[in-house]
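Once you've had a glance at the structure underneath, I'll fire off some questions.
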Protein chains: 2
Amino acid sequence: MKQNKAGCDLKSCFLCQLCQPEWNPAIAAYRKTLSYKKGEVIFKEGDLVKGIFFVYNGIVKVHKQWGTEKELIIRFARQGDVFGHRGFGKETYYPISATALEPLTVCYIDIPFFLTTLKMNYDFIFKLMSFYAAELQESERNMRNLAHMPVKGRIVNALLRLQEKFGVTSEGFIGITLSRQDLASYAGTTYETVFRIINEFVEDNLIKLSGKDIGIVNMPKLEQLIEEQP
Amino acid sequence: MKQNKAGCDLKSCFLCQLCQPEWNPAIAAYRKTLSYKKGEVIFKEGDLVKGIFFVYNGIVKVHKQWGTEKELIIRFARQGDVFGHRGFGKETYYPISATALEPLTVCYIDIPFFLTTLKMNYDFIFKLMSFYAAELQESERNMRNLAHMPVKGRIVNALLRLQEKFGVTSEGFIGITLSRQDLASYAGTTYETVFRIINEFVEDNLIKLSGKDIGIVNMPKLEQLIEEQP
DNA sequence: CGCAATGTTGAACAAGGTCAACTGTGGTGG
DNA sequence: CCACCACAGTTGACCTTGTTCAACATTGCG
C-alpha cells in the first residue's frame, strides 16, 4: 500500500486537516468534516456546486453517466486528493458525479471561502492551476487512448494507472478492490469484455487473482501490449 | 462567420495585441509575432516548452499522435484562442502537437515572462485557471463520448462543436474548411467511416455540402442522434 | 502532362458489444 | 438450520459496427 501523503494534492492549501492539522478557528468555521457510507453518492451530475472536497480517508470514484446504464469513471480519489473542483469557472453545476467506494471521510469547504483563500494566496492558486493543467494532460491522453487503443491495451492501462495510484499490497496485489463493473467503466468497455481479457491475462501469466483483487505479474509484457498497434 | 472577439480567451491578459493593442515597450521585448504557412508544425509532442501562444489570425489544430498514422484532434484554435498552455506544471515537454491549418499569425510569449505576469496579476491567473477548468470539462465530456457514443453521434458532435466555434457563413456552411481526414481525427474515427456517414446525412437531408464545406440543415434531427442509445 | 495527394466506393473481416443462460454466494426469513 | 431469492460473477454464441484493404476516380499542382 502506498504511504500516506504529507498533505493534500495542493500542498500548503491551509484548508484541510492534512495540510493544517492544528486547530485554527479562522478556518474551522468553514471547514466541515463529512462522512459517507460505501456506495453513497456525494454529488451527482447537474447538482449545484457549493463547495470543494478533500479526502481524509476512503476512496471516491468520479464518474460521468451516459444514459442510465453506462458510465465512464474519470478518476479515483484517495487520501489527500481533491475532488469536486470541476465545478469551477462559468458552470455552477457539477459536470460529473462522485460516489464513495469505501467508507469515506472528507473535508468540505464552501466555495466563497475557498475563493477568498485563493485570492489571498498566490502559491495556492498557482498550485491549483498546475493541478488543473496536469489533469488536463491526463484527460487528453486518455481521450486519445479511448479513441485509438484497442480494449486490451485500455484495460492494461487502467490496471497500471490503478497500481500507480493505489500501490501494491505485500502480497503483490493492487491496493484497491474494484468490482469488474467499475474496472470496465474505468477502462471504457463492458463488463463481459473485462472478464475475458482478465482471464486471458491470467492464463498468459501476466497477472494473478485473489478474489476480486488483481496483481500484476509481468509488467514488461503488459506494457508491450499498450504500445501495440492493432 | 463569427465576429472577432474583443480580446483573447484570457481577457485582460495584457500580453497579446488583441488585449493590449497599444505599443508597450515593457511587454514588447517579450512578445514576438510569428507567422506560419499552411500545414507548418508549430511544435510537436515531446518538444521542450518555451512559451505560450495566442492566435492573431488563422487556424491551428492541436492534436495528439498515436503511432505514426493515427491522430486525435483535441481542439482547434482560432483568433483570440490560447494554445501551448498544456505544457505547464511539472512536465516541461508538450504533450500535444500544434499545426497550422491556414496561414497563421500568432503572438508568442516566453514562459519566464508569462509566469512573471501571472504572479503580478491575480485576475489573470484566475482567468487562466477558469480556462483550464473549462477545458477539463470539455475534455472529460469528450472522453465519455468517445467511450460510449456510437460513431454517428460522435461525428454529429464534431460538426456541432465546429459550428459553435467557427460559426456559419452567409450560405449556411460551417465556417471552417476541413479535410475529411481532419474531421475523422476530430471525431475519433476513420476517414472512410466519416465519408459514408456524411453521405448518409446528405441523403437524409440533415446536412448539405459545397465542396469540402459542410452545412447543417436539420439541427434538431442531428441533436437527436447524439442522445440516441445504441 | 503526369504524378501525388485526396476523395469515393465496395467487400471482407474482426473486435467487441449484446443477449441469454448458468453458477456461485451471501443474506433473510421461516 | 435450511430453503429461497437476489444479485454479482462467468461463460458461450451471435451479430452489429466500424475498421481495413484494395481498387478506382478526381483534384490540384509543378
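Below, chains carry the letters A, B, ... as their sequence lines are ordered, and counting in each starts from 1.
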Would you say B/Lys212 reaches C/dT8's phosphate, i.e. side-chain N/O to OP1/OP2 under 4.0 Å? no

Tell me whether the guanidinium CZ or amine NZ of B/Lys208 lies under 6.0 angstrom from the six-membered ring centre of B/Phe173 and within 45° of its axis. yes

Distance below 4.0 Å between A/Asn199 side-chain N/O and D/dT11 OP1 or OP2: yes

Whole-Å distance separating the NE2 atom of B/His148 from the P atom of C/dG17: 10 Å

Kindly say if B/Tyr191 contacts the phosphate of C/dT6, meaning a side-chain N or O under 4.0 Å from OP1 or OP2. no

Between B/Lys32 and B/Asp110, is the closest basic N to carboxylate O distance under 4.0 Å? no

Starting at NZ of A/Lys38 and ending at C1' of D/dA8, how long is that distance when rounded to a whole Å? 12 Å

Which whole-number value in Å describes the distance from B/Phe201 CZ to C/dT8 C1'? 18 Å

Rounded to the nearest Å, what distance is computed from the CD1 atom of residue A/Ile197 to the C1' atom of nucleotide C/dA15? 9 Å

Quick one: on DNA chain C, does B/Gln181 or B/Arg196 contact a more 5' nucleotide (nearest heavy atom)? B/Gln181

Here the distance between atom C1' of C/dT9 and atom CD of B/Glu203, to the nearest Å, is 13 Å

With the threshold set at 4.0 Å, does a side-chain nitrogen-carboxylate oxygen contact exist between B/Arg86 and A/Glu140? yes

Phosphate-side-chain proximity, B/Thr190 and D/dT19, N/O vs OP1/OP2 below 4.0 Å: yes

Please state whether the phosphate of D/dG18, meaning OP1 or OP2, lies under 4.0 angstrom from any side-chain nitrogen or oxygen of B/Thr193. no

Would A/Phe53 and A/His85 count as a ring pair (Phe, Tyr, Trp, His ring centres under 6.0 Å) if you check the C-alpha gap in whole Å, the side-chain angles of each, and the deciding distance to 0.1 Å? CA-CA 8 Å; A/Phe53 298 83; A/His85 59 286; over 10 Å; no

Counting side-chain heavy atoms from C-beta on, which of D/dG18, D/dT11, C/dT9 comes nearest to B/Phe195? C/dT9

Expressed as a whole number of angstroms, how long is the span from A/Arg154:CZ to C/dG17:C1'? 12 Å

When you measure from the centre of the six-membered ring of B/Tyr186, is the NZ or CZ of B/Arg161 under 6.0 Å away and within 45° of the axis? yes

D/dA8, OP1 or OP2 - any side-chain N/O from A/Ser179 closer than 4.0 Å? no

Whole-Å distance separating the CZ atom of B/Arg180 from the C1' atom of D/dT19: 19 Å

Write down the distance between CE (A/Met149) and P (D/dG18), rounded to a whole number of angstrom. 20 Å

When you measure from the side chain of A/Val151, which nucleotide among C/dG17, D/dG18, C/dC19 comes out closest? C/dG17

